[in-house]
**Q** 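Quick one: the structure is below, and I'll ask about it shortly.
Since the model is a prediction, treat every value here as computed from it, not as a measurement. Order of appearance sets the numbers: ligands from 1, and atoms from 1 within every ligand.
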Amino acid sequence: MHVVDTLPAPRFDNRFVRELPGDAETGPRRRQVEGALWSAVAPTPVAAPQLIAHSAEMAGALGFDAAAVASPAFAEVFGGNALLPGMQPFATNYGGHQFGYWAGQLGDGRAISLGEAVAADGRRWELQLKGAGPTPYSRTADGRAVLRSSVREFLCSEAMHHLGIPTTRALSLVATGESVVRDMFYDGNAAPEPGAIVCRVAPSFIRFGHFELPYARGDVALLRRLADFTIDRDFPHLAGQGEARDAAWFAEVCERTARMVAGWMRVGFVHGVMNTDNMSILGLTIDYGPYGWIDDYDPDWTPNTTDAQGRRYRFGWQPRIAHWNLVRLAQALSPLFADAAPLQAGLDRYAAVYAACDRETIAAKLGFATCTDADVELMQRLHGLLQAGEVDMTLFFRGLADLDSQAPSLDVVAGAFYDDAKGERLRAEFDSWLRRYAARLADDALSADQRQARMRAANPRYVLRNYLAQQAIDRAAAGDTGAIGELLDVMRHPHDDQPGREAFAARRPDWARTRAGCSMLSCSS
Ligand code: AMP
Ligand code: MG
């Protein structure tokens with residue numbers, strides 16, 4: 001593939017392919033790959049790559065200035081038609097548990113890593129194209145991605161980052177100029193849609209499933225090599241040796257996973273497909289597919305129509321599913337340990353850190369200096385009311401920051417109710433909750449100003465509601481790609497009031513309640 005040397009490119013140091021065993025065969029022939037963690041495979045060129053959005057922060061971190069981003073060569077590279085000097089494209093080999101069941105080899109079926117860039121500040125960023133064509137892991141699929149799902153991944157990666165929640169990032173969104181055929185609801189109505197490619201970026205794309213596959217195949221030597229590599233490259237701060245170091249590593253994975261999920265629960269994010277192949281070893285939110293954001297507070301809600309039956313990945317179950325996934329990881333790592341105690345200790349760490357984060361979230365969302373047992377109960381009671389009253393989670397907590405604790409009134413959250421009749425019926429319960437809350441505030445160490453600042457920093461004003469992303473997709477599909485940049489710009493400062501941008505903080509409009517892409521999403525992407 002042709003190499004462009006006209007762009008100021010970062011330096012590449014491709015440790016994954018240099019230090020870990022690769023597949024002897026190159027190219028995209030679909031197959032089972034044994035004894036190897038990656039296969040060399042180049043992106044398949046596209047007809048007319050055109051950059052339609054990018055993250056200025058991520059471009060800057062990688063050393064691409066505005067002129068570089070605007071040049072045709074940038075779209076060529078990040079559309080999969082050319083490489084930068086030092087890039088070595090590859091797809092990785094992993095397995096996973098999907099919806100509770102072992103699925104065997106999965107792998108990067110439509111993700112191709114270009115290489116590991118080392119930024120000027122020394123940070124390592126792997127660059128990975130999603131939708132760049134077939135790999136040995138594509139199974140029966142085409143290796144491509146459609147515009148709608150690429151817009152969603154691009155926007156949400158950056159939005160999560162700006163919310164302070166660990167996530168993979170997105171550098172660019174390139175339209176391919178080609179169409180991709182998808183059956184959006186698996187109902188026999190396949191249709192061509194515009195194709196696109198996201199370049200996502202992370203220090204590491206290693207997943208739980210990378211460890212599960214060699215474990216399932218009994219390849220302990222490969223498992224050992226991968227664990228050593230991961231600790232060395234992605235957890236270099238871990239001291240110690242042998243089993244003590246491995247135990248510290250697993251405990252840190254558990255801790256990071258707990259912090260990530262606690263972040264999701266704080267802002268109302270539902271991942272939608274928490275399969276173990278979609279769990280990052282660094283505790284980053286990864287693989288933005290049929291994710292969604294809570295509008296009316298409902299712990300039983302899942303955006304994923306593919307999961308509509310069991311609703312395994314519903315909002316309220318995310319903490320326990322993350323734990324279930326960590327148990328699968330612990331099992332995969334078990335050949336590296338003489339007994340189960342260190343692994344159990346890691347899982348216990350998950351529970352302890354999650355519980356601590358949950359209390360921190362309660363204190364921050366309600367504006368208390370610290371969280372007591374009674375506060376936990378107060379929050380549970382509120383959650384029950386929000387669900388019964390069909391109340392918008394984001395608007396309610398944001399509005400609550402404006403409460404005058406001397407004269408508490410539901411007026412500050414009036415706009416958060418989706419169904420006035422339901423709100424009216426629960427009026428007395430809400431009022432009594434509010435009185436209890438106001439009394440609790442009177443007892444708290446924080447001043448009113450401190451409380452408001454704490455609440456605003458924990459309760460975003462702007463989240464990437466499903467309908468907002470869908471509006472940007474509709475406009476982009478009609479040729480107005482500026483909508484994506486505009487929405488990204490709002491999501492850059494989610495906790496700030498942004499005068500003139502009130503529309504982006506509006507609750508879900510009625511038309512979006514049942515519309516595809518707004519309330520229902522499938523894995524078809
Ligand atoms: P996901 O549900 O997106 O996490 O994907 C599960 C598996 O299916 C992963 O191995 C993906 O690489 C693969 N996959 C999903 N979509 C495609 C596609 N269009 N082409 C090839 N592989 C795909
Ligand atoms: Mg995946």
**Q** Out of all atoms in ligand 1, which are within 4.0 Å of some heavy atom of Asn278? Include the element for each.
**A** 4 (O)
**Q** Do Gln470 and Asn466 have side-chain atoms, one donor and one acceptor, less than 3.5 Å apart?
**A**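 No donor-acceptor contact under 3.5 Å links the two side chains.
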**Q** Under 6.0 Å from the six-membered ring centre of Trp293 and within 45° of its axis: does the NZ or CZ of Arg508 meet both?
**A**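 Ring-cation test returns no.
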**Q** Can you check whether Asp142 has an N/O within less than 3.5 Å of an N/O in ligand 1?
**A**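 Checking ligand 1 against Asp142, an N or O pair does fall under 3.5 Å apart.
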**Q** Would you give the length of the straight line joining atom CG of Asn14 to atom CG of Leu114, rounded to the nearest 0.5 angstrom?
**A**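 Output value for this atom pair is 9.5 Å.
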**Q** Just need the protein heavy atom nearest to atom 21 (C) of ligand 1, so name the residue and atom and give the distance.
**A** Gly109 O, 3.1 Å
**Q** Is Arg515 close enough and on-axis enough to Trp511, meaning under 6.0 Å and within 45°, for cation-pi?
**A**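 No.
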**Q** Examine the side chains of Arg139 and Gln105 and answer whether a donor and an acceptor come within less than 3.5 Å of each other.
**A**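 No, no side-chain donor-acceptor contact under 3.5 Å.
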**Q** Would Tyr313 and Asn275 count as having a side-chain donor-acceptor pair, cut-off 3.5 Å?
**A** yes
**Q** For atom 5 (O) of ligand 1, is some protein heavy-atom partner under 4.0 Å away?
**A** no
**Q** List ligand 1 atoms under 4.0 Å from Gly143, heavy atoms only on the residue side.
**A** 18 (C), 19 (N), 20 (N), 21 (C)
**Q** Taking the ring centre of each residue, are Phe211 and Tyr215 less than 6.0 Å apart?
**A**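 No, the ring of Phe211 stays outside the 6.0 Å limit from the ring of Tyr215, centre to centre.
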**Q** With heavy-atom distances below 4.0 Å as the criterion, list the atoms of ligand 1 near Asp287.
**A** 4 (O)
**Q** So if I count the atoms of ligand 1 from 1 in the order they appear, which ones are less than 4.0 Å from some heavy atom of Asp277?
**A**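 Counting atoms of ligand 1 from 1, those under 4.0 Å from Asp277 are 4 (O), 6 (C).
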**Q** So Tyr291 and Tyr288, would you call those rings parallel, tilted or perpendicular, with 30° and 60° as cut-offs?
**A**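 It falls in the perpendicular class, over 60°.
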**Q** At a non-hydrogen distance cut-off of under 4.0 Å, which region of Arg139 contacts ligand 1 (side chain, backbone, both, or neither)?
**A** side chain
**Q** Report yes or no: does a heavy atom of Gly107 sit under 4.0 Å from some atom of ligand 1?
**A**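 The answer is yes, since Gly107 has a heavy atom less than 4.0 Å from ligand 1.
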**Q** Tell me, do Asp295 and Arg513 make a side-chain contact under 4.5 Å, heavy atoms counted?
**A**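 Heavy-atom side-chain distance check fails, nothing below 4.5 Å.
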**Q** Can you tell me if Glu212 and His97 form a side-chain donor-acceptor pair at under 3.5 Å?
**A** yes
**Q** Does Asn275 bring an N, O or S atom to within less than 2.8 Å of the Mg ion (ligand 2)?
**A**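 Not a single backbone or side-chain N, O or S atom of Asn275 is under 2.8 Å from the Mg ion (ligand 2).
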**Q** Which N/O/S atom belongs to Asp287 and is the closest one to the Mg ion (ligand 2)?
**A** OD2
**Q** Under 4.0 Å from any heavy atom of Gln98, which atoms of ligand 1 are there?
**A** 6 (C)
**Q** Could you tell me whether Arg182 approaches ligand 1 through its side chain, its backbone, both or neither, with non-hydrogen atoms closer than 4.0 Å?
**A** side chain
**Q** Among protein heavy atoms, which sits nearest to atom 15 (C) of ligand 1, and what does the distance come to when rounded to 0.1 Å?
**A** Arg110 NE, 3.8 Å
**Q** With respect to atom 18 (C) of ligand 1, which of Gly209, Ala145, Ala141, Pro290 exhibits the smallest heavy-atom separation?
**A** Ala141
**Q** Below 4.0 Å from any atom of ligand 1, is there a heavy atom belonging to Cys523?
**A** no
